[in-house]
Amino acid sequence: MPFPILRTPFVVLSEIISILEPNEAVTSSFCSKNFKCLLSNQYRHRKKFVMLEAYMVDFEDDIRVAIAPGMEETKIVLSVVPMSKLNESTNKVVEINGHKAEFSSEVPIFYFEDKKLGSQWIVDYVTGLFNIDVRRLAIGRNSTWAVDWINSRQEKSMNRVLLVEPTNNDSKADEAVDYVLKNARSSDWIGIDEYVSDNYRFNGTLGPVQEVSISEKGYWVTCDNLMNFDAIEIYIGNSRLTISDLNPFLRHWRAGGSPRLEYLEVCLENGTIFENFDDDLEVVRTDEVGTYPVSFGDPVVIHNCYSIQRMDGVKALFICDRYFHFIVQHGKATSWRE
Amino acid sequence: MSSTEQGTSSAAPAEPTTAPESAAAPEVPESFYYVHGKDKVVHKVSAGALQHSALIHGMISNLGYTEEQAKANPFPFENIDGDILQMVVDWCNQHKGKPTPPEDTNLPKQKEKLFDLVLAVNYLEIKELLTYCCKQVAMMVKGKSPEEIREIWMIPTDAEDEAAEKEAKKRAGKEAAGETAAAAGDAK
């Protein structure tokens, strides 16, 4: 039974639109230009939608835009598939704004010859409809263009940027990693999950950002990098650093470097052979217990720690077993997320 | 003024029936009011049930009617069909003094009446019922394509919108020309 939605009073129409899931709103926006305009005006003027943000994924053949209300579950609203995968005899395709589209699956698909153009088109469409920014980005090594593109199209920085682990590792991604580290503006989180060559080195600075996570491929991270990452939490996986390598970091921190740092975790690929800390660092054993509410899983608790004190009196506790856990005792070491 | 058993329609005057009450009898005698829709069928509804409607609640809050006065002065809602008003009254009675649960099984299900029900509920300012009705409307397009949504919600296509706009302009032009001619005639 049809329901003439456009004949309902404005307050009713407004209520119905506010109940629509983001994907339903996007799909219905393709009904007509006028209806899209109406939806767009609703999203522009209602405070309820302030928390909505766009999440762009452009990774190999996985190109989509999702809408996320804050950190809650994301809802994919549009996707792009290469035109080569379109079979018009089996796929029920319609023409929308001059593009071939399909609405038979759960997520609407737009077919594009040029994946980059397609990716940009769906992002522009969705962010325009909801009047929101792209706040999260997950890209593959061939999509680093998206970093600059997003930086140039919105004033607000993103809050999460991830360089995704590729499905095949035939080639190294030094350039992509370097590009993302140097150019991504992200307020909350930068994650790198890419393979680089053994001789890759990053010579720039990173941040300010709340959290840096170089997942299981952190073998390229040097002690200089640790000192130049302006972050509150740093996670480095599979590092080739040794305890001796970390002495300069401890010295740097003691002298007031990395003042925002609250937690550093380095997974030492080669394990730890007992090594002495440099005498000038005045590292001492302590029976204090260090805890930190890490971003993932249970809080980290360290016992039988070492203690080091900054010139201004702030202390840090750390341990060196397979992991180097370094917890700054700011007296406010509750997570920035809280 | 006519009044009948709930759900039946008659133009003949009759004693209004009391709407279904909850099992527990109120300690203080409850006041009742009377409403009728387009069909003139009068429904007797308790003030408690009518609290759901901000419009009616506002109307009755300062009246201080006696039972006789209330009976003699039913609220006329000539813009609401009788069967729709019946649905609304039933719902208000079922939810007297209770908040609506998120999944309300007592709510009207007739899809063909949904549009009229939405208009009535909006007019009577019954917020919870309106929210539920709007959810029903939103649910109609779940998993549908733009083409299907266009049919379900009766949204004109771009071409239809353009044609309507052209027509409206043409009409406005004609009207303006007519007014000018009339004004010229008056001037003579």
Side-chain angles (χ1 to χ4, degrees), chain A residues 1-40 42 46 48 75-79 91-110 125 129, chain B residues 54-55 79-80 84 100 102-104 108-168:
Chain A
M1 187 70 197
F3 183 94
I5 194 169
L6 296 174
R7 282 173 44 208
T8 55
F10 181 76
V11 62
V12 175
L13 187 58
S14 203
E15 177 78 15
I16 297 167
I17 290 172
S18 78
I19 292 168
L20 291 179
E21 293 285 342
N23 55 330
E24 292 156 4
V26 171
T27 304
S28 47
S29 74
F30 293 117
C31 284
S32 76
K33 283 180 197 161
N34 281 351
F35 198 68
K36 183 194 171 190
C37 212
L38 191 145
L39 288 166
S40 181
Q42 283 291 315
R46 291 206 49 177
K48 183 180 172 181
K75 200 114 198 170
I76 304 167
V77 293
L78 282 182
S79 63
N91 302 64
K92 195 184 169 207
V93 175
V94 290
E95 189 103 348
I96 300 264
N97 298 356
H99 305 291
K100 285 192 161 56
E102 195 187 340
F103 293 90
S104 44
S105 58
E106 201 178 320
V107 179
I109 296 168
F110 276 77
Y125 189 89
L129 177 67
Chain B
L55 178 79
N79 54 343
I80 301 175
I84 299 292
T100 319
E103 295 305 324
D104 190 347
K109 292 278 185 291
Q110 294 93 326
K111 284 222 169 98
E112 65 276 14
K113 302 278 183 190
L114 193 54
F115 181 70
D116 291 333
L117 182 63
V118 163
L119 294 187
V121 168
N122 179 55
Y123 178 72
L124 296 170
E125 297 177 55
I126 306 175
K127 197 175 177 312
E128 286 172 318
L129 185 51
L130 182 64
T131 303
Y132 172 78
C133 291
C134 289
K135 273 185 194 164
Q136 299 265 68
V137 178
M139 286 287 288
M140 291 169 122
V141 299
K142 208 165 252 310
K144 300 285 192 275
S145 70
E147 185 131 12
E148 291 165 327
I149 295 172
R150 209 182 284 132
E151 273 177 31
I152 293 167
W153 279 351
M154 300 172 77
I155 299 169
T157 61
D158 286 342
E160 286 166 339
D161 277 336
E162 277 165 29
E165 202 179 321
K166 227 180 243 176
E167 187 58 37

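Residue numbering restarts at 1 for every chain, and letters A, B, ... go by the order of the sequence lines.
Residues A:F103 and B:P146 form a side-chain contact, since some pair of their non-hydrogen atoms from C-beta on lies under 4.5 Å apart. Counting only heavy atoms from C-beta outward, the side chains of B:W153 and A:T8 never approach each other to under 4.5 Å. The shortest distance between side-chain heavy atoms of B:S145 and A:F30 does not fall below 4.5 Å. Side-chain contact between B:F115 and A:I5 is absent, with no heavy-atom pair separated by less than 4.5 Å.
One distance of note links CG of B:L130 with CD1 of A:I16; it measures 8.0 Å at 0.5 Å rounding. With rounding to the nearest 0.5 angstrom, the CG atom of A:N34 is 11.5 Å from the CD atom of B:E160. Between the OG1 atom of A:T27 and the CD atom of B:E147 there is a distance of 13.5 Å, given to the nearest 0.5 Å. Here the CD-NZ distance, from A:E15 to B:K135, works out to 9.0 Å after rounding to the nearest 0.5 Å. Expressed to the nearest 0.5 Å, how far CZ of A:R7 lies from CG of B:L119 amounts to 8.0 Å.
Looking at A:E21, only its side chain comes within 4.5 Å of chain B, counting heavy atoms on both sides. At a 4.5 Å heavy-atom cutoff, the contact between A:V11 and chain B is made by side-chain atoms alone. Proximity to chain B is limited to the side chain of A:F35, based on heavy atoms less than 4.5 angstrom apart. Contacts of B:K144 with chain A are made by backbone atoms alone, with heavy-atom separations under 4.5 Å and no side-chain atom involved.
Although no hydrogens or angles enter the test, the distance criterion places no donor-acceptor pair under 3.5 Å between the side chain of B:D158 and the main chain of A:S32.
Contact between B:T131 and A:I19 at its shortest, heavy atoms only, is O-CD1, 4.0 Å.
Within 6.0 Å of the CD atom in A:E95, the count of heavy atoms belonging to other residues, nucleotides or ligands exceeds 12.
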**Message:** Using the rule given for side-chain contact (heavy atoms from CB on, under 4.5 Å), can you reason through A:F3 versus B:V118, listing the C-alpha separation, both sets of side-chain angles and the distance that settles it, and then say yes or no?
**Reply:** CA-CA 10 Å; A:F3 183 94; B:V118 163; 4.0 Å; yes
